[in-house]
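Here is the structure we will look at, set down as structure tokens.
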Amino acid sequence: MRIRQVLGQFQYPTPPLGTSASGFADEVAADKAVARLDYVEDLYHDWNEGGRSSGGADKRVEAEFDRIRAELGDLPGAVASPERLRTMLRHLTRTLHPGALNDCFHHAETAVCGKRAKTIRQPLPMLNMCVTCPNSRRSAVHLPRIQLTRDLAREEFKDARDLPHFQEIAIREYQTTLDSLVAELTDEEGSNQ
């Protein structure tokens, strides 16, 4: 009994279930937060230098970038305080979920994946849903993957014969959607900047 009492004085408190006493999960979460902030900062600099973007959340994110640029006086060629910029961008990381074909600046009330995502309380990426979601934003970082997806779809279905009529329509519609996503980021007439 006495040994337990003495040993009990030196025991660390039991961490909550699902966490480790080493703090590894907290370190991973902190690293992810820094990576998201770095990514948002890259998006901002790309936008500030005239990079093109599109998607349902594009206007909302650009309005925020406009506000930050106005407050910082961060015009192309001018140097703004990197620390202050990161502080002003940090709130965008709360809703950011980077993706392969677009980024999601998730707002549950407008998310296309909302019904499916309620149980997990975060975006549920579905390639065919995210491209039309009002929370999505695409930029130059996504263009190579969108082009690759489009090209793979064309290649896969170029010789397809005897597909059911509605399946053929769905495939053509998806390819057309991918073509329009590429055009939004490359075609001068489709520019949002």
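Computed over heavy atoms, backbone and side chain alike; hydrogens, waters and symmetry mates excluded. Position 1 is the first residue of the sequence; numbering continues from there.
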Take Leu181 and Leu178 through the side chain to side chain contact (heavy atoms under 4.5 Å, CB included) test and state the conclusion after the steps. CA-CA 5 Å; Leu181 297 180; Leu178 292 171; 4.1 Å; yes

What's the separation between atom NE2 in His97 and atom CG in Asn135, rounded to the nearest 0.5 Å? 9.5 Å

Hydrophobic side-chain clustering at under 4.5 Å (ILVMFWY, transitive links): who's grouped with Leu148? Put none if nobody. Leu152

Take Val141 and Tyr39 through the side chain to side chain contact (heavy atoms under 4.5 Å, CB included) test and state the conclusion after the steps. CA-CA 10 Å; Val141 71; Tyr39 184 72; 3.3 Å; yes

His142 and its side-chain hydrogen bond (donor to acceptor under 3.5 Å, both in side chains) partner, picked from Thr149, Asn102, Asp103: Asp103

Measuring from atom CZ of Arg90 to atom CD of Glu41, what distance do you get when rounded to the nearest 0.5 angstrom? 10.5 Å

Do Tyr174 and Leu185 share a hydrophobic cluster, counting only Ile, Leu, Val, Met, Phe, Trp and Tyr and linking them when any side-chain heavy atoms are less than 4.5 Å apart? yes

Sequence-distant partners of Arg150, salt bridge (Lys or Arg N to Asp or Glu O under 4.0 Å), two or more places apart: Asp179

Can you find a heavy atom in the side chain of Val34 that is under 4.5 Å from one in the side chain of Asp38? yes

Which pair of heavy atoms, one from Ile146 and one from Leu101, lies closest together, and at what distance? CD1-O, 3.6 Å

Do Glu168 and Arg172 meet the salt-bridge criterion of a basic N to acidic O distance under 4.0 Å? yes

Distance col, row Phe65:CZ vs Tyr44:OH, nearest 0.5 angstrom, shows 8.0 Å

Salt bridge Glu83-Arg86, side-chain N to carboxylate O under 4.0 Å: no

Looking only at heavy atoms, which two atoms of Ala111 and Cys133 are closest? And how far apart? CA-SG, 4.0 Å

Can you list the steps and then say if Arg52 with Glu184 is a side chain to side chain contact (heavy atoms under 4.5 Å, CB included)? CA-CA 8 Å; Arg52 299 174 61 171; Glu184 290 172 350; over 6 Å; no

Report yes or no: does Asp46 contribute a side-chain atom to a donor-acceptor pair with the main-chain N or O of Gly51 at less than 3.5 Å? no

Is there a side-chain contact between Leu72 and Ser81 (heavy atoms, below 4.5 Å)? no

Only residue of Lys59, Arg137, Arg138 satisfying side-chain hydrogen bond (donor to acceptor under 3.5 Å, both in side chains) with Ser53 is Arg137

Return the OG1 to CD distance between Thr186 and Gln147, rounded to the nearest 0.5 Å. 7.0 Å

Considering all heavy atoms of both residues, which atom of Ile68 and which atom of Met88 are nearest to each other, and what is their separation? CD1-O, 3.6 Å

Checking side chain to side chain contact (heavy atoms under 4.5 Å, CB included) for the pair His91/Glu64: CA distance, chi angles, key distance, verdict? CA-CA 10 Å; His91 74 283; Glu64 189 59 21; 3.0 Å; yes

Which value, rounded to the nearest 0.5 Å, describes the distance between Arg154 atom CZ and Gln175 atom CD? 7.0 Å

Quick one: pull up CZ in Phe105 and OG1 in Thr110 and give me the separation to the nearest 0.5 Å. 13.0 Å

